[in-house]
Amino acid sequence: MWDNTVITMLLEGTRDTLYMTLMSTLFGYVFGLPMGIILAITDKEGICPNMVAYKILDFVANVIRSIPFLILLILVIPITKLVVGKSYGSTATIVPLVIAATPFIARMVESSLKEVDKGVIEAAQSMGAFIPTIIWKALLAEARTSLLVGVTIALGTVLGYSAMAGVVGGGGLGDIAIRYGYYRYQTDIMLLTIVILVVLVQIMQGLGMLLSKKLDRRRR
Amino acid sequence: MEPIIRVENLSKVFDAKSGRVDAVRNINFEIAKGDIFGIIGLSGAGKSTLVRCLNLLERPTSGNVYIKGKNLMDMSGKELRKTRRNIGMIFQNFNLLMQRNVLDNVCFPLEIAGVKRKEAKERAMELLKKVGLGDKAASYPAQLSGGQKQRVAIARVLANNPEILLCDEATSALDPQTTKSILNLLKSINEEYGITIVVITHEMRVVKNICSHVAVLNHGKLAEKGTVKEVFTNPKSSAAKVLILNDEEQDKFSGEVYEGNVG
Ligand SMILES: Nc1ncnc2c1ncn2[C@@H]1O[C@H](COP(=O)(O)OP(=O)(O)OP(=O)(O)O)[C@@H](O)[C@H]1O
Ligand SMILES: [Mg+2]
(Lines give C-alpha, C1' and ligand atoms only; values in the text may rest on other atoms or scores of the structure.)
(Ligands and ions follow the chains in the order given, each with its own letter.)
Protein backbone atom coordinates (compact mmCIF):
# COMPACT_ATOMS: atom_id res chain seq x y z
CA MET A 1 0.00 0.00 0.00
CA TRP A 2 3.07 2.28 0.20
CA ASP A 3 3.00 2.45 -3.52
CA ASN A 4 3.70 5.37 -5.74
CA THR A 5 0.14 6.62 -5.77
CA VAL A 6 0.16 7.16 -2.03
CA ILE A 7 3.49 8.93 -2.14
CA THR A 8 2.37 11.07 -5.05
CA MET A 9 -0.84 11.86 -3.21
CA LEU A 10 1.04 12.91 -0.08
CA LEU A 11 3.45 15.04 -2.07
CA GLU A 12 0.60 16.73 -3.87
CA GLY A 13 -1.18 17.20 -0.57
CA THR A 14 1.90 18.84 0.92
CA ARG A 15 2.21 21.08 -2.12
CA ASP A 16 -1.46 22.08 -1.90
CA THR A 17 -1.20 22.73 1.83
CA LEU A 18 1.85 24.93 1.32
CA TYR A 19 0.14 26.72 -1.55
CA MET A 20 -2.96 27.45 0.53
CA THR A 21 -0.97 28.44 3.60
CA LEU A 22 1.44 30.77 1.83
CA MET A 23 -1.14 32.42 -0.43
CA SER A 24 -3.65 32.89 2.37
CA THR A 25 -1.05 34.34 4.72
CA LEU A 26 0.21 36.62 1.96
CA PHE A 27 -3.27 37.95 1.18
CA GLY A 28 -4.04 37.97 4.89
CA TYR A 29 -1.22 40.49 5.25
CA VAL A 30 -2.33 42.46 2.19
CA PHE A 31 -5.53 43.24 4.12
CA GLY A 32 -4.44 42.61 7.71
CA LEU A 33 -1.32 44.80 7.74
CA PRO A 34 -3.11 48.05 6.79
CA MET A 35 -5.97 47.10 9.12
CA GLY A 36 -3.52 46.51 11.98
CA ILE A 37 -1.74 49.79 11.27
CA ILE A 38 -5.00 51.71 11.31
CA LEU A 39 -6.04 49.99 14.55
CA ALA A 40 -2.72 50.92 16.14
CA ILE A 41 -2.65 54.58 15.08
CA THR A 42 -6.32 55.43 15.60
CA ASP A 43 -6.51 54.08 19.14
CA LYS A 44 -6.58 56.61 22.00
CA GLU A 45 -2.82 56.58 22.52
CA GLY A 46 -1.98 56.34 18.81
CA ILE A 47 -0.46 59.00 16.57
CA CYS A 48 -3.78 60.02 15.03
CA PRO A 49 -6.54 59.01 17.40
CA ASN A 50 -9.91 58.49 15.74
CA MET A 51 -12.40 56.68 17.92
CA VAL A 52 -14.93 56.11 15.12
CA ALA A 53 -12.43 54.43 12.81
CA TYR A 54 -10.99 52.42 15.67
CA LYS A 55 -14.34 51.21 16.97
CA ILE A 56 -15.53 50.11 13.52
CA LEU A 57 -12.41 48.07 12.75
CA ASP A 58 -12.30 46.77 16.30
CA PHE A 59 -15.88 45.54 15.95
CA VAL A 60 -15.31 43.94 12.53
CA ALA A 61 -12.20 42.16 13.80
CA ASN A 62 -14.02 40.85 16.85
CA VAL A 63 -17.02 39.60 14.90
CA ILE A 64 -15.00 37.68 12.33
CA ARG A 65 -12.67 36.31 14.98
CA SER A 66 -15.57 34.98 17.04
CA ILE A 67 -16.97 32.87 14.17
CA PRO A 68 -15.55 29.33 14.32
CA PHE A 69 -13.56 28.64 11.17
CA LEU A 70 -15.68 25.66 10.08
CA ILE A 71 -18.80 27.80 10.20
CA LEU A 72 -17.06 30.65 8.41
CA LEU A 73 -16.01 28.21 5.71
CA ILE A 74 -19.63 27.36 4.96
CA LEU A 75 -20.90 30.89 5.56
CA VAL A 76 -18.68 32.44 2.90
CA ILE A 77 -19.35 29.85 0.17
CA PRO A 78 -21.30 32.41 -1.91
CA ILE A 79 -18.35 34.81 -1.76
CA THR A 80 -15.94 31.98 -2.58
CA LYS A 81 -18.01 31.05 -5.63
CA LEU A 82 -18.06 34.68 -6.71
CA VAL A 83 -14.28 35.06 -6.41
CA VAL A 84 -12.97 31.70 -7.68
CA GLY A 85 -16.00 30.26 -9.49
CA LYS A 86 -16.23 27.10 -7.35
CA SER A 87 -16.46 26.23 -3.68
CA TYR A 88 -14.10 23.24 -3.33
CA GLY A 89 -10.38 22.67 -3.90
CA SER A 90 -7.28 24.48 -2.67
CA THR A 91 -7.78 27.74 -4.51
CA ALA A 92 -11.35 28.04 -3.26
CA THR A 93 -10.19 27.40 0.31
CA ILE A 94 -7.92 30.44 0.13
CA VAL A 95 -10.94 32.75 0.24
CA PRO A 96 -12.25 31.74 3.68
CA LEU A 97 -8.69 31.38 4.91
CA VAL A 98 -7.93 34.98 3.98
CA ILE A 99 -11.15 36.17 5.59
CA ALA A 100 -10.31 34.33 8.79
CA ALA A 101 -6.64 35.31 8.78
CA THR A 102 -7.09 39.03 8.12
CA PRO A 103 -8.51 40.11 11.51
CA PHE A 104 -6.19 37.71 13.29
CA ILE A 105 -3.18 39.20 11.51
CA ALA A 106 -4.49 42.74 12.06
CA ARG A 107 -4.62 42.09 15.81
CA MET A 108 -1.06 40.80 15.85
CA VAL A 109 0.18 43.76 13.82
CA GLU A 110 -1.72 46.12 16.13
CA SER A 111 -0.12 44.63 19.22
CA SER A 112 3.36 44.61 17.66
CA LEU A 113 3.07 48.29 16.78
CA LYS A 114 1.73 49.20 20.19
CA GLU A 115 4.83 47.66 21.74
CA VAL A 116 7.03 50.29 20.08
CA ASP A 117 8.42 52.71 22.64
CA LYS A 118 6.23 55.81 22.76
CA GLY A 119 9.33 57.90 23.31
CA VAL A 120 10.70 56.95 19.90
CA ILE A 121 7.46 58.01 18.24
CA GLU A 122 7.56 61.23 20.18
CA ALA A 123 11.14 61.84 19.06
CA ALA A 124 10.07 61.38 15.44
CA GLN A 125 7.17 63.80 15.96
CA SER A 126 9.49 66.34 17.53
CA MET A 127 11.63 66.14 14.38
CA GLY A 128 8.65 67.20 12.31
CA ALA A 129 7.98 63.79 10.75
CA PHE A 130 4.93 63.28 8.57
CA ILE A 131 2.57 60.49 9.72
CA PRO A 132 3.40 58.03 6.89
CA THR A 133 7.09 58.52 7.69
CA ILE A 134 6.45 57.73 11.34
CA ILE A 135 4.50 54.61 10.40
CA TRP A 136 7.13 53.36 7.99
CA LYS A 137 10.40 54.39 9.61
CA ALA A 138 9.56 54.36 13.29
CA LEU A 139 6.60 52.02 13.90
CA LEU A 140 7.11 49.26 11.33
CA ALA A 141 10.91 49.42 11.35
CA GLU A 142 11.20 49.31 15.13
CA ALA A 143 8.58 46.55 15.43
CA ARG A 144 10.07 44.38 12.72
CA THR A 145 11.19 41.48 14.90
CA SER A 146 7.86 41.33 16.63
CA LEU A 147 6.11 41.55 13.23
CA LEU A 148 8.18 38.62 11.96
CA VAL A 149 7.27 36.53 14.97
CA GLY A 150 3.69 37.42 14.06
CA VAL A 151 4.19 36.14 10.51
CA THR A 152 5.46 32.87 11.92
CA ILE A 153 2.44 32.50 14.17
CA ALA A 154 0.12 33.44 11.32
CA LEU A 155 1.65 30.77 9.04
CA GLY A 156 1.19 28.10 11.69
CA THR A 157 -2.39 29.13 12.40
CA VAL A 158 -3.36 29.35 8.74
CA LEU A 159 -1.80 25.94 8.13
CA GLY A 160 -4.00 24.53 10.88
CA TYR A 161 -7.09 26.18 9.44
CA SER A 162 -6.24 24.90 5.96
CA ALA A 163 -6.24 21.35 7.30
CA MET A 164 -9.70 21.93 8.76
CA ALA A 165 -10.93 22.86 5.32
CA GLY A 166 -10.38 19.22 4.40
CA VAL A 167 -13.80 18.51 5.93
CA VAL A 168 -15.48 20.25 3.02
CA GLY A 169 -13.10 19.01 0.33
CA GLY A 170 -10.65 21.85 0.66
CA GLY A 171 -7.67 19.90 -0.68
CA GLY A 172 -4.26 19.49 0.88
CA LEU A 173 -3.07 17.27 3.72
CA GLY A 174 -6.15 17.85 5.88
CA ASP A 175 -8.31 16.58 3.08
CA ILE A 176 -6.20 13.42 2.79
CA ALA A 177 -6.23 12.84 6.53
CA ILE A 178 -9.99 13.05 6.67
CA ARG A 179 -10.64 10.97 3.54
CA TYR A 180 -8.31 8.14 4.55
CA GLY A 181 -8.27 8.34 8.30
CA TYR A 182 -11.91 9.13 8.95
CA TYR A 183 -13.86 7.65 6.07
CA ARG A 184 -11.63 4.69 5.19
CA TYR A 185 -10.04 3.90 8.57
CA GLN A 186 -6.53 3.96 7.09
CA THR A 187 -4.94 5.30 10.23
CA ASP A 188 -1.38 4.97 8.93
CA ILE A 189 -1.97 7.46 6.14
CA MET A 190 -3.67 9.81 8.55
CA LEU A 191 -0.74 9.59 10.96
CA LEU A 192 1.67 10.23 8.13
CA THR A 193 -0.15 13.43 7.15
CA ILE A 194 0.02 14.53 10.76
CA VAL A 195 3.76 13.94 10.81
CA ILE A 196 4.14 16.01 7.65
CA LEU A 197 2.01 18.81 9.14
CA VAL A 198 4.11 18.81 12.30
CA VAL A 199 7.33 18.96 10.30
CA LEU A 200 5.99 21.83 8.20
CA VAL A 201 5.03 23.84 11.28
CA GLN A 202 8.41 23.14 12.87
CA ILE A 203 10.28 24.31 9.80
CA MET A 204 8.24 27.50 9.49
CA GLN A 205 8.54 28.22 13.19
CA GLY A 206 12.26 27.59 13.18
CA LEU A 207 12.94 29.73 10.12
CA GLY A 208 10.74 32.56 11.36
CA MET A 209 12.39 32.71 14.76
CA LEU A 210 15.86 32.48 13.27
CA LEU A 211 15.15 35.34 10.89
CA SER A 212 13.61 37.55 13.55
CA LYS A 213 16.56 36.95 15.87
CA LYS A 214 18.97 37.72 13.06
CA LEU A 215 17.24 41.00 12.35
CA ASP A 216 17.00 42.10 15.97
CA ARG A 217 19.56 44.75 16.84
CA ARG A 218 18.47 45.30 20.42
CA ARG A 219 20.87 42.70 21.76
CA ARG A 220 24.46 43.46 22.51
CA MET B 1 14.63 92.31 20.11
CA GLU B 2 11.90 89.72 19.62
CA PRO B 3 12.46 86.84 22.05
CA ILE B 4 13.01 83.49 20.32
CA ILE B 5 10.38 81.84 22.54
CA ARG B 6 7.43 83.63 24.06
CA VAL B 7 4.76 81.87 26.07
CA GLU B 8 1.50 83.71 26.68
CA ASN B 9 -1.20 82.72 29.18
CA LEU B 10 -0.36 79.07 28.65
CA SER B 11 -2.57 76.50 30.36
CA LYS B 12 -2.87 72.77 30.01
CA VAL B 13 -5.64 70.76 31.60
CA PHE B 14 -5.70 66.96 31.48
CA ASP B 15 -9.05 65.27 31.74
CA ALA B 16 -7.85 62.03 33.18
CA LYS B 17 -10.09 59.25 34.46
CA SER B 18 -8.97 60.04 37.97
CA GLY B 19 -10.18 63.62 37.50
CA ARG B 20 -9.10 66.96 36.12
CA VAL B 21 -5.43 67.89 36.39
CA ASP B 22 -4.31 71.47 35.93
CA ALA B 23 -0.79 70.62 34.84
CA VAL B 24 0.15 74.11 33.62
CA ARG B 25 -1.67 77.21 34.82
CA ASN B 26 -1.63 80.49 32.98
CA ILE B 27 2.10 80.78 32.45
CA ASN B 28 3.90 83.73 30.82
CA PHE B 29 7.60 84.01 30.08
CA GLU B 30 10.02 84.70 27.30
CA ILE B 31 13.41 83.35 26.39
CA ALA B 32 16.01 85.43 24.57
CA LYS B 33 18.05 84.02 21.72
CA GLY B 34 21.24 82.33 22.91
CA ASP B 35 20.08 81.82 26.50
CA ILE B 36 20.30 78.58 28.38
CA PHE B 37 17.02 78.64 30.23
CA GLY B 38 16.39 76.29 33.14
CA ILE B 39 12.97 75.18 34.33
CA ILE B 40 12.94 73.64 37.79
CA GLY B 41 10.25 72.33 40.08
CA LEU B 42 9.30 69.35 42.17
CA SER B 43 8.08 66.15 40.55
CA GLY B 44 4.62 66.71 39.10
CA ALA B 45 5.04 70.49 38.97
CA GLY B 46 4.31 70.46 35.24
CA LYS B 47 7.81 70.87 33.80
CA SER B 48 7.51 68.17 31.16
CA THR B 49 4.05 69.29 30.18
CA LEU B 50 5.27 72.86 29.80
CA VAL B 51 8.24 71.94 27.64
CA ARG B 52 6.12 69.63 25.49
CA CYS B 53 3.83 72.58 24.86
CA LEU B 54 6.78 74.51 23.41
CA ASN B 55 6.77 72.36 20.27
CA LEU B 56 3.12 71.41 20.57
CA LEU B 57 3.81 67.74 21.25
CA GLU B 58 1.19 68.58 23.83
CA ARG B 59 -1.46 70.96 22.57
CA PRO B 60 -2.12 73.65 25.21
CA THR B 61 -5.70 73.95 26.43
CA SER B 62 -5.39 77.71 26.08
CA GLY B 63 -2.76 80.35 25.51
CA ASN B 64 -0.15 80.87 22.82
CA VAL B 65 3.38 79.80 22.05
CA TYR B 66 5.38 82.11 19.81
CA ILE B 67 8.56 80.87 18.19
CA LYS B 68 10.47 83.75 16.56
CA GLY B 69 7.27 85.78 16.71
CA LYS B 70 5.07 83.16 15.04
CA ASN B 71 2.24 81.57 16.95
CA LEU B 72 2.41 77.77 16.81
CA MET B 73 -1.28 77.60 17.69
CA ASP B 74 -2.18 79.24 14.35
CA MET B 75 -0.01 76.99 12.21
CA SER B 76 -1.18 74.36 9.75
CA GLY B 77 0.13 70.82 10.16
CA LYS B 78 2.70 71.40 7.46
CA GLU B 79 3.97 74.67 8.91
CA LEU B 80 4.15 73.09 12.35
CA ARG B 81 6.22 70.17 11.07
CA LYS B 82 8.58 72.61 9.43
CA THR B 83 8.89 74.69 12.58
CA ARG B 84 9.57 71.58 14.65
CA ARG B 85 12.66 70.90 12.54
CA ASN B 86 14.01 74.12 14.01
CA ILE B 87 13.26 72.95 17.57
CA GLY B 88 15.29 69.92 18.57
CA MET B 89 14.37 67.83 21.58
CA ILE B 90 16.35 65.42 23.72
CA PHE B 91 14.91 63.11 26.32
CA GLN B 92 15.73 61.35 29.55
CA ASN B 93 15.45 57.95 27.87
CA PHE B 94 17.32 59.05 24.73
CA ASN B 95 14.60 57.65 22.45
CA LEU B 96 16.94 56.32 19.81
CA LEU B 97 15.75 53.92 17.14
CA MET B 98 16.95 50.59 18.52
CA GLN B 99 16.92 48.80 15.16
CA ARG B 100 19.13 51.38 13.43
CA ASN B 101 22.81 51.84 13.91
CA VAL B 102 24.24 55.04 15.33
CA LEU B 103 24.96 56.65 11.97
CA ASP B 104 21.45 55.94 10.67
CA ASN B 105 19.95 57.32 13.86
CA VAL B 106 21.67 60.62 13.18
CA CYS B 107 20.50 60.41 9.56
CA PHE B 108 16.87 60.02 10.64
CA PRO B 109 15.95 63.72 11.00
CA LEU B 110 17.75 64.39 7.71
CA GLU B 111 15.63 61.74 5.99
CA ILE B 112 12.56 63.44 7.44
CA ALA B 113 13.76 66.75 6.05
CA GLY B 114 14.34 65.14 2.65
CA VAL B 115 18.13 65.43 2.55
CA LYS B 116 19.86 63.15 0.03
CA ARG B 117 21.30 59.92 1.44
CA LYS B 118 24.94 60.61 0.65
CA GLU B 119 24.83 64.15 1.95
CA ALA B 120 22.99 62.98 5.07
CA LYS B 121 25.61 60.35 5.82
CA GLU B 122 28.42 62.84 5.50
CA ARG B 123 26.69 65.31 7.77
CA ALA B 124 25.87 62.57 10.30
CA MET B 125 29.46 61.40 10.39
CA GLU B 126 30.68 64.94 10.93
CA LEU B 127 28.27 65.34 13.87
CA LEU B 128 29.25 62.02 15.41
CA LYS B 129 32.86 63.15 15.38
CA LYS B 130 31.74 66.41 16.95
CA VAL B 131 30.17 64.57 19.92
CA GLY B 132 33.19 62.26 20.21
CA LEU B 133 31.60 59.11 18.78
CA GLY B 134 33.21 58.96 15.35
CA ASP B 135 34.28 55.37 16.02
CA LYS B 136 30.79 54.20 17.00
CA ALA B 137 29.00 54.93 13.72
CA ALA B 138 28.32 51.27 12.97
CA SER B 139 27.32 50.30 16.53
CA TYR B 140 23.74 49.84 17.63
CA PRO B 141 22.24 51.81 20.53
CA ALA B 142 21.99 48.65 22.65
CA GLN B 143 25.78 48.47 22.55
CA LEU B 144 26.29 51.96 24.00
CA SER B 145 26.41 53.38 27.52
CA GLY B 146 23.82 55.92 28.66
CA GLY B 147 26.19 58.82 28.17
CA GLN B 148 27.07 57.63 24.67
CA LYS B 149 23.38 57.23 23.81
CA GLN B 150 22.72 60.79 24.89
CA ARG B 151 25.62 61.95 22.72
CA VAL B 152 24.05 60.19 19.75
CA ALA B 153 20.76 61.90 20.58
CA ILE B 154 22.56 65.25 20.67
CA ALA B 155 24.26 64.58 17.32
CA ARG B 156 20.86 63.62 15.93
CA VAL B 157 19.18 66.72 17.22
CA LEU B 158 21.88 68.96 15.74
CA ALA B 159 21.53 67.41 12.28
CA ASN B 160 18.91 69.88 11.09
CA ASN B 161 20.72 72.92 12.53
CA PRO B 162 17.98 73.83 14.98
CA GLU B 163 17.92 77.25 16.64
CA ILE B 164 16.26 75.86 19.76
CA LEU B 165 17.03 72.77 21.79
CA LEU B 166 14.60 71.42 24.40
CA CYS B 167 16.05 69.04 27.00
CA ASP B 168 13.66 67.17 29.29
CA GLU B 169 15.72 65.68 32.14
CA ALA B 170 18.45 64.94 29.61
CA THR B 171 20.97 63.99 32.28
CA SER B 172 18.71 62.44 34.89
CA ALA B 173 19.50 58.88 33.84
CA LEU B 174 23.25 59.49 33.96
CA ASP B 175 25.88 59.36 36.70
CA PRO B 176 27.45 62.64 37.94
CA GLN B 177 30.59 62.28 35.86
CA THR B 178 28.68 61.61 32.64
CA THR B 179 26.20 64.35 33.50
CA LYS B 180 29.09 66.79 33.66
CA SER B 181 30.41 65.79 30.26
CA ILE B 182 26.98 66.04 28.65
CA LEU B 183 26.42 69.46 30.22
CA ASN B 184 29.79 70.60 28.89
CA LEU B 185 28.79 69.40 25.46
CA LEU B 186 25.50 71.32 25.65
CA LYS B 187 27.31 74.41 26.79
CA SER B 188 29.81 74.20 23.93
CA ILE B 189 26.95 73.75 21.46
CA ASN B 190 25.30 76.84 22.88
CA GLU B 191 28.48 78.87 22.55
CA GLU B 192 29.54 77.56 19.17
CA TYR B 193 26.22 77.65 17.32
CA GLY B 194 24.31 80.13 19.46
CA ILE B 195 21.52 77.59 19.96
CA THR B 196 18.99 78.57 22.58
CA ILE B 197 18.60 75.75 25.08
CA VAL B 198 15.71 75.03 27.42
CA VAL B 199 16.73 72.69 30.21
CA ILE B 200 14.20 70.91 32.37
CA THR B 201 15.63 69.37 35.47
CA HIS B 202 15.11 68.59 39.10
CA GLU B 203 18.86 68.75 39.71
CA MET B 204 19.90 72.19 40.93
CA ARG B 205 23.54 71.62 40.01
CA VAL B 206 22.55 71.34 36.36
CA VAL B 207 21.03 74.81 36.53
CA LYS B 208 23.97 76.22 38.44
CA ASN B 209 26.36 74.68 35.95
CA ILE B 210 25.01 75.84 32.63
CA CYS B 211 21.90 78.03 32.83
CA SER B 212 21.79 81.79 32.46
CA HIS B 213 18.12 82.11 33.45
CA VAL B 214 15.77 79.98 35.45
CA ALA B 215 12.03 79.65 36.02
CA VAL B 216 10.57 77.88 39.04
CA LEU B 217 7.36 75.93 38.59
CA ASN B 218 5.11 75.02 41.48
CA HIS B 219 1.85 73.11 41.01
CA GLY B 220 1.67 74.24 37.40
CA LYS B 221 2.18 77.91 38.23
CA LEU B 222 5.23 80.03 37.57
CA ALA B 223 6.48 80.81 41.07
CA GLU B 224 9.51 82.82 40.12
CA LYS B 225 11.86 83.62 37.27
CA GLY B 226 15.08 85.53 36.78
CA THR B 227 18.77 85.09 36.20
CA VAL B 228 20.29 82.08 37.91
CA LYS B 229 22.34 84.41 40.08
CA GLU B 230 19.32 86.37 41.29
CA VAL B 231 17.17 83.35 41.99
CA PHE B 232 19.85 81.23 43.60
CA THR B 233 21.29 83.91 45.86
CA ASN B 234 17.97 85.41 46.81
CA PRO B 235 15.03 83.07 46.20
CA LYS B 236 11.77 84.92 46.85
CA SER B 237 9.04 82.34 46.39
CA SER B 238 8.61 79.57 48.90
CA ALA B 239 8.85 76.99 46.09
CA ALA B 240 12.25 78.30 45.03
CA LYS B 241 13.40 78.44 48.64
CA VAL B 242 12.43 74.82 49.19
CA LEU B 243 14.21 73.62 46.08
CA ILE B 244 17.36 75.69 46.48
CA LEU B 245 17.82 75.58 50.24
CA ASN B 246 17.06 71.86 50.43
CA ASP B 247 19.60 71.29 47.72
CA GLU B 248 22.25 73.29 49.55
CA GLU B 249 21.58 71.34 52.70
CA GLN B 250 22.00 68.11 50.80
CA ASP B 251 25.27 69.33 49.35
CA LYS B 252 26.47 70.21 52.83
CA PHE B 253 25.30 66.84 54.10
CA SER B 254 27.05 64.84 51.41
CA GLY B 255 30.10 67.07 51.96
CA GLU B 256 30.16 66.14 55.65
CA VAL B 257 29.83 62.47 54.89
CA TYR B 258 32.66 62.77 52.43
CA GLU B 259 34.91 64.60 54.87
CA GLY B 260 33.99 62.13 57.57
CA ASN B 261 35.11 59.30 55.37
CA VAL B 262 38.38 60.97 54.64
CA GLY B 263 39.02 61.97 58.26
N1 LIG C 1 -1.13 62.62 29.64
C2 LIG C 1 -1.51 62.98 30.88
N3 LIG C 1 -2.74 62.68 31.31
C4 LIG C 1 -3.15 63.04 32.55
N5 LIG C 1 -2.38 63.69 33.44
C6 LIG C 1 -1.14 64.01 33.06
C7 LIG C 1 -0.62 63.67 31.76
N8 LIG C 1 0.65 64.12 31.68
C9 LIG C 1 0.93 64.71 32.86
N10 LIG C 1 -0.15 64.66 33.69
C11 LIG C 1 -0.21 65.23 35.05
O12 LIG C 1 0.19 66.58 34.98
C13 LIG C 1 0.98 66.92 36.11
C14 LIG C 1 2.33 67.47 35.65
O15 LIG C 1 3.06 66.42 35.06
P16 LIG C 1 4.51 66.63 34.43
O17 LIG C 1 4.92 65.33 33.84
O18 LIG C 1 4.47 67.80 33.54
O19 LIG C 1 5.39 66.93 35.71
P20 LIG C 1 6.95 67.11 35.84
O21 LIG C 1 7.19 68.40 36.52
O22 LIG C 1 7.61 66.89 34.54
O23 LIG C 1 7.33 65.94 36.83
P24 LIG C 1 8.63 65.00 36.87
O25 LIG C 1 9.72 65.81 37.53
O26 LIG C 1 8.21 63.87 37.76
O27 LIG C 1 8.95 64.58 35.49
C28 LIG C 1 1.09 65.67 36.96
O29 LIG C 1 0.12 65.76 37.98
C30 LIG C 1 0.75 64.57 36.00
O31 LIG C 1 0.14 63.51 36.68
MG1 LIG D 1 8.92 65.36 33.72
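Convention: sequence-line order gives letters A, B, ...; per-chain numbering from 1.
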For chain A, which candidate among Arg52(B), Gln92(B), Lys82(B) shows the most heavy-atom pairs at distances under 4.5 Å?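 It is Arg52(B).
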Pick whichever of Asn101(B), Asn86(B), Asn55(B), Ile112(B) has the most heavy-atom pairs under 4.5 Å with chain A. Ile112(B)
Is Leu215(A) close to chain B through its backbone or its side chain, or both, or neither, when contacts mean heavy atoms under 4.5 Å?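 The answer is the backbone of Leu215(A).
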Measuring heavy-atom distances to chain B, does Ser126(A) have an atom under 4.5 Å in its side chain, in its backbone, in both, or in neither? both
What's the shortest heavy-atom distance between Ala129(A) and Arg81(B), and which atoms?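 Minimum heavy-atom separation between Ala129(A) and Arg81(B): O-CD, 3.4 Å.
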Looking only at heavy atoms, which two atoms of Val120(A) and Leu96(B) are closest? And how far apart? CG2-O, 3.5 Å
Counting only heavy atoms closer than 4.5 Å, note whether Leu97(B) contacts chain A via side chain, backbone, both or neither.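 The answer is both parts of Leu97(B).
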If you count the non-hydrogen atoms of other residues, nucleotides and ligands that lie under 6.0 Å from [atom1] in [X], is the total more than 12?
X	atom1	result
Tyr88(A)	OH	no
Phe27(A)	CZ	no
Lys33(B)	NZ	yes
Glu45(A)	CD	no

Contact between Arg218(A) and Gln99(B) at the side-chain level, heavy atoms closer than 4.5 Å - yes or no?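 The answer is yes, as the side chains (C-beta and beyond) meet within the 4.5 Å cut-off.
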About how many Å separate CD of Gln143(B) and CZ of Arg217(A), when rounded to the nearest 0.5 Å?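 It is 9.5 Å, given to the nearest 0.5 Å.
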Can you tell me how far the CG atom of Asp216(A) sits from the OH atom of Tyr140(B), to the nearest 0.5 Å?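 Spacing of CG (Asp216(A)) from OH (Tyr140(B)) equals 10.5 Å.
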Apply the test side-chain contact (heavy atoms from CB on, under 4.5 Å) to residues Asn160(B) and Met127(A): give CA-CA distance (whole Å), side-chain angles for both, the deciding distance (0.1 Å), then the verdict. CA-CA 9 Å; Asn160(B) 276 327; Met127(A) 291 171 202; 5.6 Å; no
Would you please go through residues 135-147 of chain A and name the residues with a non-hydrogen atom below 4.5 Å from one of chain B, in numerical order? Lys137(A), Ala138(A), Ala141(A), Glu142(A), Arg144(A), Thr145(A)
Check for a donor-acceptor pair, side chain of Arg85(B) on one end and backbone N or O of Gly128(A) on the other, with a separation under 3.5 Å.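 Between the backbone of Gly128(A) and the side chain of Arg85(B) there is a qualifying donor-acceptor contact (under 3.5 Å).
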